[in-house]
Participant: 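Please read through the structure below; I'll follow up with questions.
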Amino acid sequence: PRTYLVTGAASGIGKATVAHLREQGHTVIGADLKEADISADLATPDGRNQLVDRAHELTDGRLDAVIACAGLAHFVPRTVQVNYFGVVATLEGLRPLLAAGTDPRAVLLSSVASIHPADQTIVDAALAGDEEAAVAAAQAAVDRGEGYAIYGASKQAIARWLRRTAISDDWAPAGIPLNAVAPGTTVTPMTEPMLADAETRKAIDAGIPMPLHGHARPEQVAPLLAWLTSPENTHVTGQVIFLDGGADAVLRGDDI
Ligand code: NAD
């Protein structure tokens, strides 16, 4: 059995992943705002520190895998704070624990929304590590009535961070695969309210067409996250893997 830390463990994809890993006999430490082994707000520096401190306490400083599911889709600046800065802090903060683990692996959640045209001011500020500028750019989007663009920008930024980081000294050469999974529309508490509204559902399906099997359930995402973070994954790293019923193929076609 391995020791996993899963963020966003209280709901949706994270919750399904915790259940899947526990069924396989692994030890899982769940983190979330509440209703988890570690309560921490990953939108804040304090919360990010709490996550890492508590993880040290609960594990003797060793983790075999980290799965960063915590995310937010609200049209507010906090979305970039959780989806980009919270994820970076999770992975960078827990990396020393992974380095002490066995066959260490990590995966984060991007989204098909990452390939939609994004607000590059937000993306650039995030990739520069400038949280204040990213929040200001997100607030400017809200003020323009374009708050919907924050989510896709946060997911594009984290996917690009992943490409750079996976091959940097601390990860690939240190023997730690780091990947992203980009789901299409998955039926969770994040999306259920939007999908319940016929007009919004139509707009979502137009933006994320899923010819294979339609919307996914979180239980259908969990096994891929588990495999990417298992010892069986020896050579997949730096990849954004679309679990999207074909949406990426529809949207990008030959443009790989
Ligand atoms: P969800 O809302 O069901 O679960 C997300 C969890 O993250 C919640 O439990 C929430 O409390 C937690 N979280 C939010 N802000 C936090 C914070 N500041 N600190 C700590 N925890 C926080 O959503 P989900 O659909 O399971 O999404 C999981 C991940 O998958 C997210 O990163 C999401 O962006 C991504 N994703 C989801 C879909 C989808 O259609 N559901 C599609 C693509 C990507």
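Numbering of ligands and ligand atoms starts at 1, following listing order.
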Participant: I want to check something: taking the side chain as every heavy atom from C-beta on, are N83 and I150 in contact at a cut-off of under 4.5 Å?
Facilitator: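 Counting from C-beta outward, N83 and I150 never come under 4.5 Å.
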Participant: Is ligand 1 less than 4.0 angstrom away from at least one heavy atom of A73?
Facilitator: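 False for this residue.
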Participant: For the pair T3 (side chain) and D64 (backbone), establish whether a donor and an acceptor sit closer than 3.5 Å, ignoring hydrogens and angles.
Facilitator: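 Absent.
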Participant: Between D244 and D248 (side chain of the first, backbone of the second, donor and acceptor by atom type, cut-off under 3.5 Å), is there such a pair?
Facilitator: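 At least one qualifying donor-acceptor pair exists.
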Participant: Using only heavy-atom distances, determine whether the side chains of Q139 and D143 contain a donor-acceptor pair under 3.5 Å.
Facilitator: yes
Participant: I would like to know whether E92 and R95 meet salt bridge (charged side-chain N to carboxylate O under 4.0 Å, His left out); could you show each step before the answer?
Facilitator: CA-CA 5 Å; E92 287 183 344; R95 201 208 64 88; over 6 Å; no
Participant: So, the side chain of R2 versus the backbone of T102: is there a donor-acceptor pair under 3.5 Å, distance only?
Facilitator: yes
Participant: Give the residue, atom name and distance (to 0.1 Å) of the protein heavy atom nearest atom 27 (O) of ligand 1.
Facilitator: M190 CE, 3.9 Å
Participant: Short list, please: which atoms of ligand 1 are under 4.0 Å from a heavy atom of G12?
Facilitator: 3 (O), 26 (O)
Participant: Using a plain distance cutoff, I'd like to know if S111 has any nitrogen or oxygen under 3.5 Å from a nitrogen or oxygen of ligand 1.
Facilitator: no
Participant: Of all the atoms in ligand 1, which lie at a distance below 4.0 Å from a heavy atom belonging to D41?
Facilitator: 17 (C), 18 (N), 19 (N)
Participant: Just distances here: any N/O of I13 and N/O of ligand 1 closer than 3.5 Å?
Facilitator: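 Yes: some nitrogen or oxygen of I13 is under 3.5 Å from one in ligand 1.
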Participant: Contact between R78 and ligand 1, counting heavy atoms under 4.0 Å?
Facilitator: yes
Participant: Which one of A16, G30, G8 has a non-hydrogen atom at the shortest distance from atom 6 (C) of ligand 1?
Facilitator: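 Among A16, G30, G8, the closest heavy atom to atom 6 (C) of ligand 1 belongs to G8.
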Participant: Relative to atom 8 (C) of ligand 1, which among D32, L72, V181 owns the nearest non-hydrogen atom?
Facilitator: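 Going through D32, L72, V181 one by one, D32 has the nearest heavy atom to atom 8 (C) of ligand 1.
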Participant: Could you find the nearest protein heavy atom to atom 1 (P) of ligand 1 and give me its residue, atom name and distance?
Facilitator: S11 OG, 3.5 Å
Participant: Under 30°, 30 to 60°, or over 60°: which ring-plane class applies to W161 and Y84, parallel, tilted or perpendicular?
Facilitator: perpendicular
Participant: Going by heavy atoms, is S110 under 4.0 Å from ligand 1?
Facilitator: yes
Participant: Give me the nearest non-hydrogen protein atom to atom 15 (N) of ligand 1 as residue plus atom name, then the distance to 0.1 Å.
Facilitator: V82 CG1, 3.8 Å
Participant: Measure the distance from atom 24 (P) of ligand 1 to every protein heavy atom, then report the residue, atom name and distance (to 0.1 Å) of the closest one.
Facilitator: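 For atom 24 (P) of ligand 1, the nearest protein heavy atom is T188 OG1, 3.6 Å.
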Participant: Could you find the nearest protein heavy atom to atom 32 (O) of ligand 1 and give me its residue, atom name and distance?
Facilitator: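 Here the closest protein heavy atom is K155 NZ, 2.9 Å.
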Participant: Specify the protein heavy atom at minimum distance from atom 36 (N) of ligand 1: its residue, its atom name, and the distance to 0.1 Å.
Facilitator: Y151 OH, 3.5 Å
Participant: Do any N/O atoms on L42 end up under 3.5 angstrom from N/O atoms on ligand 1?
Facilitator: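 Among all N and O atoms of L42, at least one is under 3.5 Å from an N or O of ligand 1.
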Participant: Are any side-chain N or O atoms of D37 and backbone N or O atoms of G30, one a donor and one an acceptor, separated by less than 3.5 Å?
Facilitator: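 Side chain of D37 to backbone of G30, a donor-acceptor pair under 3.5 Å: yes, one is there.
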Participant: With a 4.0 Å cut-off on heavy atoms, does A216 reach ligand 1?
Facilitator: no
Participant: More than 12 non-hydrogen atoms from neighbouring residues, nucleotides or ligands closer than 6.0 Å to CD1 on I167, yes or no?
Facilitator: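 Open: at most 12 neighbouring heavy atoms sit under 6.0 Å from CD1 of I167.
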Participant: Side chain, backbone, both or neither: which part of L33 comes within less than 4.0 Å of ligand 1 when only heavy atoms are counted?
Facilitator: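 L33 to ligand 1: contacts from backbone and side chain alike.
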Participant: Keeping the roles fixed (side chain from N179, backbone from Q239), state whether a donor-acceptor pair exists under 3.5 Å.
Facilitator: yes
Participant: Would you say that more than 12 heavy atoms from the other residues, nucleotides or ligands in this model lie under 6.0 Å from the CZ of R252, or not?
Facilitator: yes
Participant: Report the part of Q81 (side chain from C-beta onward, or backbone N, CA, C, O) that has a heavy atom under 4.0 Å from ligand 1; answer both or neither where that applies.
Facilitator: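 It is neither; nothing of Q81 touches ligand 1.
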Participant: If you round to the nearest 0.5 Å, how far is CD1 of I115 from OG of S110?
Facilitator: 9.5 Å
Participant: Does K15 come within less than 4.0 angstrom of ligand 1, counting non-hydrogen atoms of the residue?
Facilitator: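 Outside the 4.0 Å threshold, so no.
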Participant: Just to be sure I read this right, does ligand 1 sit under 4.0 Å from the backbone of A40, its side chain, both, or neither, counting only heavy atoms?
Facilitator: backbone
Participant: Which ligand 1 atoms are under 4.0 Å away from a heavy-atom of T185?
Facilitator: 40 (O)
Participant: Run down the list G71, A68, G184 and name the one with the heavy atom closest to atom 38 (C) of ligand 1.
Facilitator: G184
Participant: Which of the atoms in ligand 1, numbered in the order shown and given with their element, are less than 4.0 Å from a heavy-atom of T191?
Facilitator: 39 (C), 40 (O), 41 (N)
Participant: Under 4.0 Å, heavy atoms only, figure out whether ligand 1 is touched by the backbone of T186, its side chain, both or neither.
Facilitator: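 The answer is both.
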Participant: Counting distance only, does the side-chain N/O of T17 pair as donor-acceptor with the main-chain N or O of I13 below 3.5 Å?
Facilitator: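 Yes, because the side chain of T17 sits within donor-acceptor range (under 3.5 Å) of the backbone of I13.
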Participant: Is a side-chain N or O of T186 found less than 3.5 angstrom from the main chain of G184, in a donor-acceptor match?
Facilitator: yes
Participant: Backbone or side chain, does any N or O of C69 fall under 3.5 Å from an N or O of ligand 1?
Facilitator: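 Indeed, backbone or side chain, C69 has an N or O that close.
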Participant: Please check if the side chain of R62 supplies one atom and the backbone of L98 the other of a donor-acceptor pair under 3.5 Å.
Facilitator: no
